[in-house]
Amino acid sequence: MPVEQCRAMLVAPGLVLGIGPFTARIRTPIRALAEDVRAIYGAHEVLRDATAVDFDVAVRPSRGLRGYWRPQARFFSDGQEPFHPLPLDQAAPFLEWGLNWCIAAHAHDLLVLHAAVLARGGRALLMPAPSGSGKSTLAAALAHAGWRLYSDELALIDPSSGRVFALDRAANLKNAAIDLVRRRFPKTPLRGIARNTSKGTVALMCPPLEPGAVADASEAVPAWVILPRWIEGAATDLLPIGRAQAFLQLADNAMNYSIHGRRGFEALCRTVADAACFTLIYGDIDEAMAAIARRTGC
Amino acid sequence: MSVLARVPAFDRLFLVRVLDDEAVVFDQTSGDTHLLSAPAVSLLQRLDDGARGRAELEAGSKLPPGEFESLVERLAQLGMIEVCGS
Amino acid sequence: MLSEPVAAAGRPRGEVTLPEALPEVLPDALIAALRDPEATRRFDARTWDRTLRQARVAGVTGALALRIEALHPAPALPPAVRRALVSARTLGAKIERDTRCELAVLRPLLAGLGVPVVLLKGAAYVARGLPAARGRIFGDIDLLVPRDALEPVERVLLDAGWAYGPIAAYDAAYYRRWTHELPPLEHPLRGTLIDVHHAIVQERTPSPAARSQMIGEAVPLDAPFAVLQPADMVLHAAVHLFNDGEFDRALRDLLDVDSLVRTFRAEDAGFDRALAARASAMGLAGQVADALHFARYLLGLDPGSDGIAGFVEQHRTRGLVERCFVQGFRPDHETARSFGKTPAHRLLYLRGHYLRMPLLPLSLHLLRKALTGGLHAKGASGP
């Protein structure tokens with residue numbers, strides 16, 4: 001889509017995108033954000049404006065004084081404002097966080113976990129972990145090694161089948177991970193770079209996908225669960241663990257496990273049923289990649 | 001002699017899924033999920049097979065002294081087993 | 001684009017003739033869907049989109065799900081709508097489960113006090129197994145106890161681990177003096193909230209004798225729990241709806257009234273008469289008449305026998321306040337907002353507070369709220 005057309009749609013009536021199993025209408029008059037959206041969601045399906053969407057979001061600049069002095073961006077979902085404004089240069093990560101919030105707040109038809117998910121040949125690798133465990137960096141590297149990045153933040157699990165849905169979101173990189181990706185994958189576009197955020201410098205790594213790739217293979221069977229932990233200088237150690245332990249880690253990192261009750265329990269049982277489960281301690285990304293390749297045979 | 005037993009209506013109260021030698025258990029009343037260690041799983045299985053006597057179960061558990069006590073206490077706390085007699 | 005009216009969706013049709021006094025016809029997609037679920041079979045994608053947005057903002061996706069899922073044969077829904085309804089039903093079921101669980105914890109604690117504990121609103125609907133409980137999103141358990149039992153109940157809950165949130169001393173004083181409840185108690189582990197009331201409505205409307213009559217005539221469940229008798233339950237829902245000050249959840253509260261009346265009519269053919277008599281006896285005829293009027297007009301509640309229809313026409317509010325109520329029921333979303341909505345909300349807020357306090361403290365309280373940004377902090381902080 002030409003940039004002018006994309007920008008015009010984002011102003012009004014909104015750009016309607018297929019994002020995994022969801023649809024979202026995105027509106028923004030912010031020019032820089034329009035370019036980021038085009039880069040990040042370039043491979044995603046554009047739907048008709050007349051679609052009943054899952055999420056209706058907008059990012060708008062603050063009015064009045066805040067339009068000029070330290071300008072701010074505001075995020076809206078269904079016209080409501082769930083967050084305080086952020087500096088305008090964080091508009092792109094704000095939109096991404098906002099969409100994640102929409103999924104976590106509204107998608108209780110699915111089990112939503114805080115986990116990075118990558119897929120390959122219809123099989124998925126789940127890495128449930130809290131922030132700071134290095135899962136985004138690992139996900140970004142794997143996305144350049146033949147894995148398809150579903151998301152570095154959210155795993156969507158179908159409670160009736162235990163399968164994982166694709167999302168094809170950008171990876172959220174912070175600080176050193178940004179330099180690492182720049183150095184290793186200089187051709188991969190980074191967007192929405194913002195300094196001095198509460199998390200330091202952040203950037204969004206566009207999913208390295210061919211345009212149109214998002215349309216097919218929308219789900220995968222969980223085949224591996226890896227609990228990653230980055231420790232500076234640590235020797236790489238990928239250790240098998242019991243599926244019950246992995247189950248508990250998945251449940252611990254779930255956003256809405258308790259909402260599903262018994263159904264959530266049964267879904268996670270199916271998720272780990274045929275998965276090989278490991279903990280991964282690593283200090284070096286190449287060693288971690290090699291260990292994962294050995295274990296997964298990919 | 002002290003005997004142990006699964007609580008009545010165990011299967012209505014709890015869903016247990018054995019994964020490898022451990023298990024996850026869903027408490028249908030509270031909605032909580034717990035991890036059962038391998039000794040806990042084997043204790044519940046032996047109760048299922050008809051074993052009752054505490055001394056016999058303790059000997060069969062091969063747990064160091066004290067650990068069997070805390071295992072029984074924990075399972076009783078979770079409402080999964082009952083301890084009868086003194 | 002989204003705010004263009006969709007003609008097919010909104011206009012109430014056919015057999016329902018609206019009273020002439022009605023200030024305007026509501027074109028909102030959500031109201032049309034709630035009022036006449038069959039009409040959603042003709043909804044196009046755009047109308048469904050508006051319906052979903054409005055339902056989320058009004059917090060009534062669960063009620064919408066119940067009405068749509070009752071349709072036979074099942075309608076074809078856009079995927080986003082299907083998902084949202086499943087999601088709302090899942091969340092509603094979770095709240096019902098949690099409420100049952102919490103009541104099971106509270107029951108032995110409160111049983112020792114030897115006073116009846118009347119469950120109100122969501123907890124009452126769950127405990128009595130009423131359809132109004134299904135899909136209803138609520139965060140707190142409301143208990144009503146006799147005024148002199150307030151402190152013992154408070155002590156038992158504090159001893160069992162509940163605690164007051166970080167509430168400003170001024171707000172705490174406001175709660176005790178002018179509202180009819182203790183400040184909310186929160187359980188630090190389970191995060192459950194309990195509101196203990198000693199009056200079902202503000203001090204100034206029904207007499208203390210009427211209040212204790214309501215508690216005295218409550219229907220006992222597992223001791224010490226009880227629920228208000230059917231007519232009183234509707235009275236309470238109606239009073240909550242019109243006197244609460246916070247009108248944002250008005251549509252949700254109206255759905256409660258609608259669902260309760262439907263259920264109780266099916267249980268008891270004489271319910272309408274009992275309701276009218278009770279409302280008059282308690283001095284709440286106006287609120288009940290308004291609630292029935294709007295439930296009929298907005299949610300398709302059957303007007304009922306001539307007797308209750310006459311009662312409604314005799315007691316319901318007309319004029320400016322009625323206009324404001326109609327605006328107040330519209331979901332606060334750009335697709336449903338009309339000119340004058342925000343002033344209408346403001347007026348209703350003032351009215352709710354006027355009913356609760358004498359005028360001087362009212363203005364002081366509003367000033368304080370304006371200075372401190374309100375009792376309730378913003379729902380979420382930045383990511």
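By convention in this document, chain letters (A, B, ...) are assigned in the order of the sequence lines, proteins followed by strands, and residues within each chain are numbered from 1. What you see is a predicted model; the values in this text were computed from it and never measured.
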Legend entry - Side chain, backbone, both or neither of A:Ala50 within contact of chain C (heavy atoms, under 4.5 Å): both
Inset, instruction - With the side chain counted from C-beta on, respond yes when C:Asp49 and A:Arg25 share a heavy-atom pair under 4.5 Å apart, and no when they do not. - result: yes
Legend entry - Neighbour count above 12 (heavy atom, 6.0 Å) for C:Arg41 CZ: yes
Legend entry - From CD1 (C:Ile95) to CD1 (A:Ile259), nearest 0.5 Å: 8.0 Å
Inset, instruction - Tabulate, in ascending numerical order, the residues of residues 81-90 of chain C having at least one heavy atom closer than 4.5 Å to a heavy atom of chain A, or enter 'none'. - result: C:Val81, C:Arg83, C:Val86, C:Ser87, C:Thr90
Legend entry - Proximity breakdown for A:Phe75 and chain C, heavy-atom pairs closer than 4.5 Å: neither
Inset, instruction - Examine whether an atom of C:Leu52 lies under 4.5 Å from a heavy atom of chain A, and if so say whether it belongs to the side chain, the backbone or both; otherwise answer neither. - result: side chain
Legend entry - Reported CZ-to-CZ distance for the pair A:Arg48 and C:Arg46, which is rounded to 0.5 angstrom: 8.0 Å
Legend entry - Choice from A:Thr51, A:Val53, A:Thr197 maximising heavy atom contacts with chain C below 4.5 Å: A:Val53
Inset, instruction - Identify the two heavy atoms, one from A:Ala52 and one from C:Ala45, that lie closest to each other, and give their separation to 0.1 Å. - result: CB-O, 3.6 Å
Inset, instruction - Might you confirm whether atom CG of A:Asn196 has over 12 heavy atoms from other residues, nucleotides or ligands at distances under 6.0 Å? - result: no
Legend entry - Non-neighbouring partners of A:Phe265 that pass ring-ring contact (aromatic ring centres under 6.0 Å, His included), sequence neighbours left out: A:Phe247, B:Phe26
Legend entry - Any residue of residues 65-79 of chain C which, by heavy atoms, sits under 4.5 Å from chain A: C:Pro78
Using residues 108-116 of chain A as the side-chain source, report each donor-acceptor pair under 3.5 Å to any protein atom, sequence neighbours left out, with the distance given to one decimal.
{"from": "A:His108", "atom 1": "ND1", "to": "A:Asn256", "atom 2": "ND2", "distance (Å)": "3.3"}
{"from": "A:His108", "atom 1": "NE2", "to": "A:Ala105", "atom 2": "O", "distance (Å)": "3.1"}
{"from": "A:His114", "atom 1": "NE2", "to": "A:Glu153", "atom 2": "OE1", "distance (Å)": "3.3"}

Inset, instruction - Name the region of A:Ser258, side chain, backbone, both or neither, that has any atom closer than 4.5 Å to a heavy atom of chain C. - result: both
Legend entry - Salt-bridge present (A:Asp56, C:Arg56; N to O < 4.0 Å): no
